[in-house]
Every structure is written in structure tokens, then in C-alpha cells.
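Structure record follows, encoded as C-alpha cells.
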Protein chains: 4
Amino acid sequence: MKNSAVLLIDCPDRKGLVARVSGLLYERGANILHADQHIDHELGLFFMRVEWGLGPVEGSPSEKASAGAKTDASFDLAAFKAIFTPIAAELNMHWNLTSSERPQRVGLFCSQYLHCMADLLHRWRAGELVCEIPLIVSNHREVEKLAAFYGVPFEHVPVTAETRTQAEARQLDLLSRHQIEIVVLARYMQILSPQFVAQYPAAIINVHHSFLPAFTGARPYHAAHARGVKLIGATSHYVTEVLDDGPIIEQDVARISHRDQVEDLVARGRDLERMVLSRAVRWHLDRRILCYGNKTVVFD
Amino acid sequence: MKNSAVLLIDCPDRKGLVARVSGLLYERGANILHADQHIDHELGLFFMRVEWGLGPVEGSPSEKASAGAKTDASFDLAAFKAIFTPIAAELNMHWNLTSSERPQRVGLFCSQYLHCMADLLHRWRAGELVCEIPLIVSNHREVEKLAAFYGVPFEHVPVTAETRTQAEARQLDLLSRHQIEIVVLARYMQILSPQFVAQYPAAIINVHHSFLPAFTGARPYHAAHARGVKLIGATSHYVTEVLDDGPIIEQDVARISHRDQVEDLVARGRDLERMVLSRAVRWHLDRRILCYGNKTVVFD
Amino acid sequence: MKNSAVLLIDCPDRKGLVARVSGLLYERGANILHADQHIDHELGLFFMRVEWGLGPVEGSPSEKASAGAKTDASFDLAAFKAIFTPIAAELNMHWNLTSSERPQRVGLFCSQYLHCMADLLHRWRAGELVCEIPLIVSNHREVEKLAAFYGVPFEHVPVTAETRTQAEARQLDLLSRHQIEIVVLARYMQILSPQFVAQYPAAIINVHHSFLPAFTGARPYHAAHARGVKLIGATSHYVTEVLDDGPIIEQDVARISHRDQVEDLVARGRDLERMVLSRAVRWHLDRRILCYGNKTVVFD
Amino acid sequence: MKNSAVLLIDCPDRKGLVARVSGLLYERGANILHADQHIDHELGLFFMRVEWGLGPVEGSPSEKASAGAKTDASFDLAAFKAIFTPIAAELNMHWNLTSSERPQRVGLFCSQYLHCMADLLHRWRAGELVCEIPLIVSNHREVEKLAAFYGVPFEHVPVTAETRTQAEARQLDLLSRHQIEIVVLARYMQILSPQFVAQYPAAIINVHHSFLPAFTGARPYHAAHARGVKLIGATSHYVTEVLDDGPIIEQDVARISHRDQVEDLVARGRDLERMVLSRAVRWHLDRRILCYGNKTVVFD
């Protein structure tokens, strides 16, 4: 795995932002691996993602070309941060600087359906998702054996209409004790309270089994079947206070026909759900996503 | 072009329907080219489409195998109809028997945007759409030259809030005088009255520039952009009294990203609109579509 | 799970085949759930798949409509077979009659990559693939724990250039002892000998990680990257004597860009491989596939 | 239409390239609309596309933020070029600086099939393709009326095996006299000689009716049908000396089934051909494409 730093920026647009940031990095000897910008001309907003190496990259042509500059090996992230902080303040930047040296900590929630959970755990084990997964929470027990197989601690937190508040308190406590930074709802069929959601802004990723904004709420495959659509969809998004309304990260669709009954839609939909959720989690872990307004920028 | 007959049936499901219909056709010597059935087990409905040849098909293996039976050349459509009618009544069938010998007559409506119109006319000229097009109607004049190029009579029928009733009366008169059987709304931006729609049940095909049921009504690309979706869509459907609510015939989507502004969505959407509308028209002309409830069966 | 019988037929085309088969089934009181036909007019071949119920379907409208006929409950598969056999012989039919009462027995082969294996086992456990899986064979040991988790006996059969013949003999013996009917190569990276393949005609399903016929042979993602394609693909197919040349069952593609290195293609490709292989296995188990020449008919 | 300049760069990768180019543009007061980079780490190559405004953009937040800097209105392209030239030489850059003020001149070639031609001409008329089209060349006469309808001069240049050399000489003379910069082969069914191709390096765009590298050469739909593929494709690419082997610009596919005969593949393929060719032409006109080795970078 490559060792790298990622800087994510959003701020009011103005001339010279790319020159400024890339100039700063060049002066410190950064070997830029990827850089991407986006300008929302309508809103006057600037977005940037830069990734640079934190260790020597063997055989890189940059190595020879920049013999006189500081080598990657010596890139001092703390020093860069100290220099960058006042500049960012001056330019009204929101920013986030992370390093792959410290993997993010992910908590997985599910209910009875395990297809997304099994998919995420397999991808994690196979190295597709670079993170730590110290916690699986479910209001059912179906996931228990799968959690054990992958060696992830499982916590059973039943939820009823009466116990919702206490259940969420227990969930929040578990998340806190395991220092969870990202919560992934892998077909977790309970609605989280605004109080819960407020603890993890732009850090709870859900998968909804429809092509949002069509068919919000419960039983979207039944609704899609009733409406007679010719494509079904699935959507991964950040959770906000309003149900199924948060910033969309990824969507995909599959073709269906008059032959498909609701159970066929459910079966096809599982593949869509796996895909859009796992992509969202991977992009989030790769720090490719910036939220603004109720939308996302996903750098590719 | 092959010369063939198409029988479309829908009726309450019961055992032996396929045996009955295929037996009847076999007795009359029909050379079946395609046959397809669908059973909606939930509603207890049976749907069938059978297509058979009306002229000798050279070199067909069926010819030799069935030397003793009646040849295709002599298939008597009128006689079959006479026999089939009482049987169909007995089985509570809705049915429709058509022959490719008489092409259907299509009227095209549009407003200012010509991409769907240009696409349909080119496909018609190229032989992809087998029909007659004796009439183009528009509330604007942009289409006039295109209509002239393809040799289709053009009628300019302006529409305002005040003149809607008279305009529709004039449109209906034009449709009637040109014996139009199918009306295609190729980005016609006026809403038709229930009275107009009632004249052409399951015979007015519209294209809506969104993935229905998301973003009904006006300016769907603006709404899609505001919601931050990652795929945009287009939908072709039969027009019913309720706006954007008729039986869906075809849908398709295209991937977009945060880089795409509303005008990019509009541009991408044009390709989707062309595709889903032209497919719907072709399938309708090929008698592949059966409506039931608010849905379609599209035989492939 | 529904209890049903499936009859697959291919034979020279002639008039009246649908009438004959559907008539026979009607006389025996079959409640047809799905029926589909295909005629290859060029080759003069007829293909048919009929599925009918083998137990009473509650609340079915067919029940009431056919009160006088034999009920589903009493459908006698053996008696039908006895009647059908001479008729099929007379019509030069190849045919295959199976019942969902006896699930097919599948053997899974893999090497080091486990994504297809994990996917198939999860789908099997979740009920998406209705079959028995009494055997997993690999030339490596990576799959061992996964096999144990799903409770499937695992056999380690190492293969080298020198031991290929003995290894295949051992594999064939294992397949025989476990009465395996279908072999699924879930990224099994060894080439099977013609002698092995001949034992399982149209019953060994492989996934190749390219859009065949492009990039046959080894390292297709490297070849795709070198050629600069804009879409990568995966293909599931029946194994024949000629490498990567058997009848194609399913293909799918994913969009890539200049940003994607070989390892990105490999990662994206894994999702394609899972999809096309699992669909092929499901369709085979559902008896939806007929091979003819070097092609497949896949009834939907 | 926005008035803008586009700078395309490729050169050996080294540190500080983004900082250098963006710094230069900032100093001259450029209002950057889009910027994108790509690094091929394997080959050690750097690619960049920058687009900036050449006239005042009303209401732009950049305007206010950069009140002290030079305004867009005064951006002096010639002066920038003078400064940039020696820097680019020092950094071993290939570069290309163009302005939307001078539309590119496109020559269209076709044979008998007109679907791509009709599509390109309609898109051009509708403003989707920003260029001048002063010439249509064909070895047949089918396109003549269409050319006249769109007001494009048509030249009939018949080609036979014996007259190929003279025909190409005449074509080259026509291209030269009309100052054509880009040649688009819109289903032109003649093979161009290496001598012809050498006159327009990376400036002849062809559409091939298959998913390259599968099915090169003649009659790819027949070959696809014979192989029994489940998806058909089309590819747009730059023409090089080797047939169907040039850098791929865009590819797309459509799903087919056993029901589709060769003529169905041809019909479906037409839509793919239209799409991939029109996208390639638009991206080329927008200067989004850089060729290297036998591949393309397509900036989005």
C-alpha cells in the first residue's frame, strides 16, 4: 500500500488558488500523485483534492528530476500543517489533511439482510477497503457468525419503539468507546434520530434501495413494481436529519421487465445495493468526497 | 420487409390458453415467426403475442416439414378472424389482430426543440420505423424546414392559455382528416387536455426528460441538478389524464458528475430522450406493447 | 421455494411444435408458470422452455378456472415422461426434463483469488442459488477457511506441469464420488485437459476476465491496459476444448479511464467477474440455457 | 458560447509542473475555468489541460476577489505565448494553445450509410458541435441531399481499386483547399493509405462498428453474431497506419440476446456508432484529448 497524504479543500473561489496550494507543496518537496480541482461557478466555490507521497517512490522519474529538492522521505507533514494553517484561514478554507499512515475506524450496522455486510467484510479482508473495522452493531443476531468469521466484535442492540432512545445511547457509547469515525448502515432498517445523526455529520453512509429521489421511505421495490418502472436503482448517501434526503454519493440501476415480480426486483436490487454502498465507503476512505449544500463532489 | 400478422391478446389466465391459440393457428397452416406469453400470477392475467408469416418464406425448413398443411401463401386472415372471434369472446379476451400490409399512420407533435423530431424522421427515412407519417404539428415554426426536407406536411397550430381549446379542436380535426392512429409527442411542451387524451387511449406516446417517477413536471434537469443525483434519465410513456403518470414504456439513464452543470444535463439528456422515444415508437409499431393497469408488457 | 418441472427442448423447426407441446401439457392438467420459445430461422432450429407447477398453488386463478381438469397436485411427471418420449423421438427432439424437487449438485474450483468463491457461497447461503454444493477443490489453500465457514468439504489438489494428469484424475474421482453435475471454475487458473472437459459437456462454467473474444489467454487486464480500451469486461462461458472459446453465457462491462492503472482494472474487474459468473450459474441451475453450435439461448 | 483559451501539455513528469503553469497563468490574471492533470507514473509522463476565460464573466465571484489583478478582458494570449514558449522548451513540453475564437474546420467523409452523418450534422446545427463544416466527401451520392439541406458543399469522389491513388490525391486537394484540420470518417467504408493518414496525424477520427480489439476488419456484426456474444459495441478512434488499431477515444456497448439476428445487431449498432463518434468529435473539438503511445487521455 502506498503511503500518502491527502489534502481536501473547499473555499470561496478566487484566482490563484491552484497556484498557491501547488506552489506551497512544491516548496516543501512534495511528490504529487494526483491532483484534482472543481469550481462551482454558479455558487463561486472552489474544491481541491491533492494527494502526495510520504515515502520514497522507487524508480520515479520525479526522483531524478528533483534531485536538489527535499526527498519524499523527509516530507514533514506537521511542518506543512503549521505553514498551511494561517494561509488557509486567510483564504477562508475548510480543509482536512489526512495520512494513510493512520487508517480510519469504521463501524458497521445492519439488521437481518446480510448481503451488504458480507460484501463489505469480504472487500475489507481482500484489501479493497483500507480501514479498521472494530465494531459491528445489529438489532438482530443473524450477522453474529459472519462477524466472528471475520474477527470483528459484534454487539447486539435490540431496538423497539419504546427503547429507541436507550438503544441509541448504547450505540453512541459503543461508537465512542471504539473511536469510530465512520458509521456504515449496511441495510440497517431503523431510522436514526436527529440527535444521533448530529454526532456524525457527513460520516454516516447509508444505502437506500431505490433510485432517489424516487421511492423514498419503506418498501421501495414494491413501489417500483406498482409504478411499472423499467429500471430499478439503489443510492448511497450521507445521512442527514431528513429521511433519504442526504447528499447522494453514488447511484446505479439495473434493467427489469414485466416478467420481474417484486421478489425479482429485491434479488436484482441486492447487487445494486452492494455496488453503490461499497463504492461510497471506498471513496470516503480514499477521501475523495466533499459535501457542500446537499450535494457531493466525488473526485475520481 | 417481411409480410406478417400480429395477434395481441390479454385475458384472465386459465389453463390451456397457449395450446388453444397455437392449435388454432396450426390448423390454419400458420408459420409462426415469434410467439411470446406472459402470465401475471398476482393478478391472474394472461398476455400473448404471436406473429406469423403471410407470404411464402423461401427456403424455410417449415415449408418442407409441413408439405401437407396449408402453405403460408394461402393464409386467410379474414377466415381466421371469423373463427377466432367467438372463441375469444368465450375466453374473455381483449385482442388485436393487425397485418404489416397496412402500415400505421403516425402524427408527430413538437415545440422548439428538434432533436427527437430529427431523430424520428431520420429513422423513418432509413427504414427503422415502418409507418406512414402524414402530419407534423407544432406550436412553433422551427420544425418547418425539417418537415419539408422529409416531405411531411407541416401544420402550425399556435397555443396560448386562452386559445388552448380551439387549438386542440384544430389539432383533433387535423388528426382525424389525416386518419392518424398514433400521436407521438417529440418534446411537445404543451399539456394535452383530458378530452384530447381520451380520443387516443394508449395511442399517445410522450417522452419525459427524467427518470419517472422522479422529477415530474417542468424543468426536471434543473430539479435533478439541485438534488445532486449521479445519474439522469428519460422516460417514454403513454399519455393519460394525469401528467407524467401514464404506463411507462422505456427508460434509460446516463452517468453525470459534479462537473456537469444544468446545460450539460440538458445536452446529455437529449441523447437519452432520442433513444427512449424512438424505442417506444418502434415497439408500438411492431405491436410489442400491451397496457394493463398502469403498466406495460413489452414483448422482446 | 416453488416446486416445479422444467422441460427444455431443441429440435428441427416445423409447424405446430408449440401447439403439440402445450396441448400435451394441457391434457395432463399442467399449470404452466412460464413458457418461452425461440426459432433460429437461419438454421431452422426450434428451442423451447416450459415450466409448470408440481404442487397446488394457493389462490391461483387457474385453480378456479380449471376446476374440472386435473389439479396440479396430481401432475404425474413419470406418466408425462412416458407419453412424451416417443413423441419427442418422432420429432427429432433433444430434450431434458427436470424437477426442482431434486437440486443439482455443484462442485466449485478456485485458485488463490477468492472474490468469486465468496460471492457464490454467500448467494448460495442466502438462497439465491438453489443447489447443493458438496465439494470445493483448489490447487491452493487460501479457500480453506471460507469453505469451512460455509460447511463445504474442501479438497486440496495441487497441480504442477508434471502432475497435471494425476491431479486431474484425482479431481475427476472427487467429482464422481460427490456425484457432481456442474463444475464452476470460480477463477481457477489452471487449464483443463480436453479429456477432463469431455467428461462434463456444457456443464463446466468458467469466468474469463475480459470481454471475449478480445484478450483471450493470460493477463487480459494487462492487455486491455496496453491497448487503451475505455471499457473492460468479463465473460462467463461453458468450457470446451479450445481455450476461452466456448459458448458465451453472459458478459458485462465497466467504464474505465486513462487514470486507471492495471491494478484498478483488476479491482473493477472483480465486480464484473462476480456478476457474470453468478448469473451464469443461476441461469444454468434454473435450466434457462440451451447450447447449440457454439452459442447459447438464455431464456429470460 | 463562452470565449476561452485551452492549453494542452504533455511532458516528462517532474515536481512543480502544476505550480509552474498555474503560477504563470495567475500572474497574467487568467480566470481558470477548468484545470485537470494526469500523471502516468509508469511512463513518467505528465499531462495537463487548462481552460481559462478570455472575456469578462459577469457576476463571477473571482471578479470581486481579484479586483487588483488584471481583468479577464485584458488577457493577452499572444503575450502569454511569448512568455510560455521558452519555459515549455526548457521543460521538454509538447503543447498546444488554442482559442475558441477560431472554430476548427472539419471535413466529413461517408459512404452509403447516413446515420452518423445525419447525427453529426444535426448536432452541429443544434450547437452541440462548435466548429465549421465546409466540406462533405463521399464515394457515393446518397448524402447529397442531406448535405444540401444543411448547406454544406458536397464533393463526390468515387473510389475503385484502380483509382484509389488519384481519388486520394483529389481528396487531399479538397481538404487542403478548404483548410480542413480534422477529418471525420462517418462510416466511410474505404481504407485510407498510409500516405493519406500521415497528412493528418491524430486528426482523422473513425468509428468502427465493434468493441475493439474484438472483430477488427470487415463485417464485425456478422462476426459478433457468429461468436454468440451477449453485448455488441462500437469504437471511435484516431486513424493510424494500421487498420482499426489507432488510439481509442470512446467505446460503448449494447446488450443483445439470442433473439437478435445480424440485421438487429446492425440496427442496434447504429445507435452505438452515432454515440461514440459524436462524443469523440465533441471531445476533440473541446481539446479534451491527448494522444500518447497508442492511447488517449480524455479529460472530462
Side-chain angles (χ1 to χ4, degrees), chain A residues 36-43 45 47 210-216 220 223-238 244-263 276 279-280 288-300, chain B residues 36-43 45 47 210-216 220 223-238 244-263 276 279-280 288-300:
Chain A
D36 205 354
Q37 308 88 43
H38 173 60
I39 302 168
D40 187 317
H41 294 288
E42 212 177 313
L43 301 181
L45 293 175
F47 305 90
S210 86
F211 184 86
L212 288 177
F215 310 125
T216 55
H225 185 254
R227 179 61 186 91
V229 294
K230 298 299 184 185
L231 299 169
I232 55 163
T235 303
S236 52
H237 64 96
Y238 289 113
D244 299 333
D245 189 56
I248 292 170
I249 303 170
E250 172 66 337
Q251 304 189 286
D252 215 338
V253 297
R255 191 159 286 278
I256 57 166
S257 83
H258 57 271
R259 298 187 195 286
D260 294 300
Q261 299 304 304
V262 171
E263 62 263 29
V276 300
R279 283 181 206 148
R288 299 193 170 281
I289 314 179
L290 271 167
C291 282
Y292 75 108
N294 203 35
K295 297 186 183 185
T296 59
V297 170
V298 180
F299 287 115
D300 59 1
Chain B
D36 204 356
Q37 309 89 41
H38 173 61
I39 302 166
D40 187 317
H41 295 286
E42 211 176 315
L43 301 180
L45 293 175
F47 306 90
S210 85
F211 184 85
L212 288 177
F215 310 124
T216 56
H225 185 255
R227 180 62 185 90
V229 295
K230 298 299 184 183
L231 298 168
I232 55 165
T235 304
S236 52
H237 63 97
Y238 288 114
D244 300 332
D245 189 56
I248 292 171
I249 304 170
E250 171 66 335
Q251 304 188 285
D252 215 337
V253 296
R255 192 160 285 277
I256 57 166
S257 83
H258 57 271
R259 298 187 194 286
D260 293 300
Q261 299 303 305
V262 171
E263 62 262 29
V276 299
R279 284 181 205 146
R288 299 194 170 279
I289 313 178
L290 271 168
C291 282
Y292 75 108
N294 203 34
K295 296 186 184 186
T296 59
V297 169
V298 180
F299 288 115
D300 58 3

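The choice from A:Val298, A:Ile249, A:Asn294 that makes the most heavy-atom pairs within less than 4.5 Å of chain B is A:Val298. Ranked by heavy-atom pairs under 4.5 Å with chain B, the first of A:Gly228, A:Gly293, A:Ala223 is A:Gly228. In terms of heavy-atom pairs under 4.5 Å with chain B, the best-connected choice from A:Pro247, A:Ala224, A:Gly246 is A:Gly246.
In summary, the side chains of B:Thr296 and A:Lys230 do present a donor paired with an acceptor at a separation below 3.5 Å, with no hydrogens or angles considered.
B:Lys295 contributes a side-chain N or O that, together with a main-chain N or O of A:His225, makes up a donor-acceptor pair within less than 3.5 Å.
With a 4.5 angstrom heavy-atom cutoff, A:Ile39 does not touch chain B via any of its atoms. Only the backbone of A:Ala226 has a heavy atom closer than 4.5 Å to any heavy atom of chain B.
Atoms CD1 and CD, on B:Ile256 and A:Gln251 in that order, are 8.5 Å from each other to the nearest 0.5 Å.
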Q. Under the salt bridge (charged side-chain N to carboxylate O under 4.0 Å, His left out) criterion, do A:Arg259 and B:Asp40 qualify, and how do the steps go?
A. CA-CA 8 Å; A:Arg259 298 187 195 286; B:Asp40 187 317; over 6 Å; no

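The six-membered or imidazole ring of B:His258 lies away from that of A:Phe47, with a centre-to-centre distance of 6.0 Å or more.
Across all their heavy atoms, B:Val229 and A:Leu212 have their closest contact at CG1-O, 3.8 Å. Here the closest non-hydrogen pair linking A:Leu231 and B:Asp252 is CD1-CA, 3.8 Å.
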